[in-house]
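First up is the structure itself, then whatever we jot down about it.
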Amino acid sequence: MATAQTERVRALDARHHLHPFTNHVELARHGTRVIVRAEGCHLIDSEGNRILDGMAGLWCVNVGYGRAELVEAARQQMATLPYYNTFFQSTTPVAAELAERLARIAPAGLDRVFFTNSGSEANDTVIKLVRYFWNLQGRPHKKTIIGRAYGYHGVTLGAASLSGLQPMHPQSDLPLPGFEHVRAPYWYAEGGDLDPESFGREAALALEERIRELGAERVAAFVAEPIQGAGGVIVPPASYWPEIQRICRKHDVLLVADEVICGFGRTGRWFGSDHYDIRPDIMTCAKGLTSGYVPMAAVLLGPRVGEAVATADEEWVHGFTYSGHPVAAAVALENLRILDQEGLALRGAGPAGRRFADALHALADHPLVGEVRVVGFVAGLELVADKHARRPFPAARGVGLACREHSVRNGLVMRAVRDVMVLAPPLVISEDEIDELAGKARLALDLTAADLGVG
């Protein structure tokens, strides 16, 4: 785009467009970055800069940009049936096929599917489903849902209440009643002198303690991400998930896995639940379902909840205009075919995933990097003031944000969550691009260290 066109877009954007999770005064002061094109793992902005997308959009462009197969799947479906709803006792071939395909690749037993448009809607649907399920069981007092500190489940009133990212709450007077939070399995920040496995068990037992405080007869569900993504790539110790599952079974609490970020190959398995051998009662997914090409999400129900809803013999009063949208379903089916046939869903567990992990673990020698956490193609670099004491920088210093700006200016999208630098590139990233990513990440770290006067 010519400079005049770029400035016009920026002016229109500043005047009329409200952005998610944005300080609009600051945005107006700096000006919007205008992205005009993308190919493979790279973005191109209106000034011709080529930027390696280390975040796959927002954790979602798993098969990379510019996949002609997905464009053609959308075109063919639009030409045949661009839209019809799934109300009125109707379906479409692609919606039914996609439901069956998801049931086939999901952890065993998750074989009933409800479609939404986003992860937020999927998790809000879970809240309603959990309440409905316990009402059907004649246990209407079993309503409290427990999430975790640093958990992220979306921005609707219910999903934001479930989320444990506290800055999301005050502006909207959240959380709503009926939501509780327990500690996260965040060993690096909170493990103290415990080894990771001991801390993992201790973090899991925090859930049992809260259930006992509230009364198991009042606790409906525990909702958690296999790996906490937007909370800072918090990778649980191996001891954590087995203990969580034992606790949920013991106290008859539904276990819900939020796979919005972890699903569709991000961890080197189809789902994060496969990676940790989690067998949830309910699972949500989105993002990588269509590789972000069109909006779509899903809620998958295991036999206990699925059968209760399917055999209730009454109207389930829930749904969206675009539930099972045929164009989104067609794109999702083709996307899942690509993930399967090109081996992308498992690529993070193979040589490419090891190359990614090795390249990022090599950054552990940097004076700012306290810990490197990598699973499959998701990683977090924890920046600290004192590596040996695991002491963070004061939040007011904005070290992560400074590192993010250095990164983007030098051609790499790397996200900052507090002072954790987060990476989740497209699953198609090549070995050369992994090296490019690691090199640009190190440059951003060096420039940040120079700002701080750290040698």
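Every heavy atom of this structure was used, including side-chain atoms; hydrogens, water molecules and symmetry mates were not.
Looking at every heavy atom in both residues, D274 comes nearest to R269 through O-NH1, 3.6 Å. In terms of heavy-atom proximity, R279 sits nearest to P107 at NH1-CB, 3.8 Å. S163 and M168 get closest at one heavy-atom pair: CB-SD, 4.2 Å. Annotation for K387 and D365: closest pair NZ-C, 4.2 Å, computed over non-hydrogen atoms. Of all heavy-atom pairs between C248 and L207, the closest is SG-CD2, 4.2 Å. Pairing each heavy atom of D195 with each of W187, the nearest pair is C-NE1, 3.8 Å.
Salt-bridge check for R101 with D340: passed, with a basic side-chain N closer than 4.0 Å to an acidic carboxylate O. The pair D435-R355 meets the salt-bridge criterion, since a charged nitrogen lies less than 4.0 angstrom from a carboxylate oxygen. Residues E382 and R373 are paired through a salt bridge, judged by an N-O separation under 4.0 Å between the basic side chain and the carboxylate. Between R210 and E208, none of the side-chain N atoms (NZ, or NE/NH1/NH2) sits under 4.0 Å from a carboxylate O, so this pair counts as no salt bridge.
Atom-to-atom distance recorded for E433:CD and K440:NZ is 10.0 Å, nearest 0.5 angstrom. Note that CD of E190 and CD of E202 are 10.0 Å apart. Values are rounded to the nearest 0.5 Å. Within the model, atoms OH of Y240 and OH of Y276 stand 11.0 Å from one another, a figure rounded to the nearest 0.5 Å. Rounding to the nearest 0.5 Å places CD1 of I146 at 7.5 Å from OG1 of T144. Here I429 contributes atom CD1 and H42 contributes atom NE2; the two are 8.0 Å apart, rounded to the nearest 0.5 Å. Annotation: the span from L255 atom CG to I244 atom CD1 amounts to 8.0 Å, rounded to 0.5 Å.
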**OP:** Report the C-alpha distance between L300 and R112 in whole Å, list the side-chain angles of each, state the deciding distance to 0.1 Å, and finish with yes or no for side-chain contact (heavy atoms from CB on, under 4.5 Å).
**Re:** CA-CA 6 Å; L300 281 74; R112 294 188 186 272; over 6 Å; no
Original post:
E39 and R50: salt bridge (charged side-chain N to carboxylate O under 4.0 Å, His left out), yes or no, with the steps?
Top reply: CA-CA 10 Å; E39 53 190 27; R50 189 175 173 85; 2.7 Å; yes
Subject >> I247 and V253: CA distance, side-chain angles, deciding distance, side-chain contact (heavy atoms from CB on, under 4.5 Å) verdict >> reply: CA-CA 8 Å; I247 291 165; V253 170; over 6 Å; no
Original post:
Can L27 and H19 be said to form a side-chain contact (heavy atoms from CB on, under 4.5 Å), step by step?
Top reply: CA-CA 9 Å; L27 180 65; H19 291 241; 3.5 Å; yes
Original post:
Taking it one step at a time, do D252 and R304 satisfy salt bridge (charged side-chain N to carboxylate O under 4.0 Å, His left out)?
Top reply: CA-CA 12 Å; D252 200 14; R304 188 180 184 193; 2.7 Å; yes
**OP:** Would you please test E197 and R201 for salt bridge (charged side-chain N to carboxylate O under 4.0 Å, His left out) and show each step?
**Re:** CA-CA 6 Å; E197 299 314 312; R201 287 186 288 272; 5.3 Å; no
**OP:** Quick one: do N117 and F320 satisfy side-chain contact (heavy atoms from CB on, under 4.5 Å)? Show the steps, please.
**Re:** CA-CA 8 Å; N117 308 292; F320 303 100; 3.9 Å; yes
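Taking the six-membered ring for Trp and thresholds of 30 and 60 degrees, W270 and F264 have ring planes more than 60 degrees apart, a perpendicular arrangement. Using a 30° and 60° split on the angle between ring planes, Y152 and F21 fall in the perpendicular class, above 60°. Aromatic ring pairs are classed by plane angle as parallel below 30°, tilted from 30° to 60° and perpendicular above 60°; the pair H169 and H181 is tilted. Using a 30° and 60° split on the angle between ring planes, Y322 and H325 fall in the tilted class, from 30° to 60°.
No donor-acceptor distance shorter than 3.5 angstrom exists from the side chain of S161 to the backbone of L174, with no hydrogens or angles considered. The main-chain N or O of R218 is never found under 3.5 Å from a side-chain atom of R139 such that the two would form a donor-acceptor pair. A side-chain donor-acceptor contact under 3.5 Å links R347 to the backbone of L427. In this structure, S407 contributes its side chain and V413 its backbone to no donor-acceptor pair below 3.5 Å. Under a 3.5 Å cut-off, the side chain of K142 and the backbone N or O of V219 do form a donor-acceptor pair. With S323 contributing its side chain and F115 its backbone, the two residues share a donor-acceptor pair below 3.5 Å. Under the 3.5 Å distance criterion, the side-chain polar atoms of E225 are left unmatched by any main-chain donor or acceptor of I261. At least one donor-acceptor pair closer than 3.5 Å links the side chain of D419 to the backbone N or O of G400. Here the side chain of N49 pairs no donor or acceptor atom with the backbone of D45 at under 3.5 angstrom. In this structure a side-chain-to-backbone donor-acceptor pair under 3.5 Å is present from R266 to F377.
You'll find the ring centres of H318 and F114 inside the 6.0 Å limit.
Atom CZ of R33 sits in a sparse spot, with 12 or fewer heavy atoms from other residues, nucleotides or ligands closer than 6.0 Å. No more than 12 heavy atoms of other residues, nucleotides or ligands lie within 6.0 Å of NE2 in H141, so this atom counts as exposed by the packing criterion. Counting non-hydrogen atoms of other residues, nucleotides and ligands closer than 6.0 Å to CD of E217 gives a total above 12. At most 12 non-hydrogen atoms from other residues, nucleotides or ligands lie less than 6.0 angstrom from CD of Q166.
Side-chain contact between L58 and R415 is present, with heavy atoms from C-beta onward closer than 4.5 Å. Contact check for V374 versus V372: side-chain heavy atoms found under the 4.5 Å cut-off. Using a 4.5 Å heavy-atom threshold, the side chains of Y150 and V417 count as separate. A heavy-atom distance below 4.5 Å is not found between the side chains of P426 and V63. Within the 4.5 Å cutoff, no side-chain heavy atoms of V260 are placed close to those of W59. Put simply, the side chain of V256 does not reach to within 4.5 Å of the side chain of D281, judged on heavy atoms.
With L102 as reference, V113 is the one residue of L333, D111, V113 to meet the side-chain contact (heavy atoms from CB on, under 4.5 Å) rule.
For the residue pair H366 and D446, a side-chain donor N or O sits within less than 3.5 Å of a side-chain acceptor on the partner. Side chain to side chain, E121 and S118 fail the donor-acceptor criterion of an N or O pair below 3.5 Å. Between D124 and T156, the side chains place a donor N or O and an acceptor N or O closer than 3.5 Å (distance only, hydrogens not considered). S273 and E259 share a donor-acceptor pair across their side chains, judged by distance under 3.5 Å alone. No donor-acceptor contact under 3.5 angstrom links the side chains of T290 and N335, judged on distance only.
When the salt bridge (charged side-chain N to carboxylate O under 4.0 Å, His left out) test is applied to R409, no partner is found at least two apart in sequence or on another chain. Listed by chain and number, the residues in a side-chain contact (heavy atoms from CB on, under 4.5 Å) with E69 are R67, E334, R337, I338, E342 (sequence neighbours excluded).
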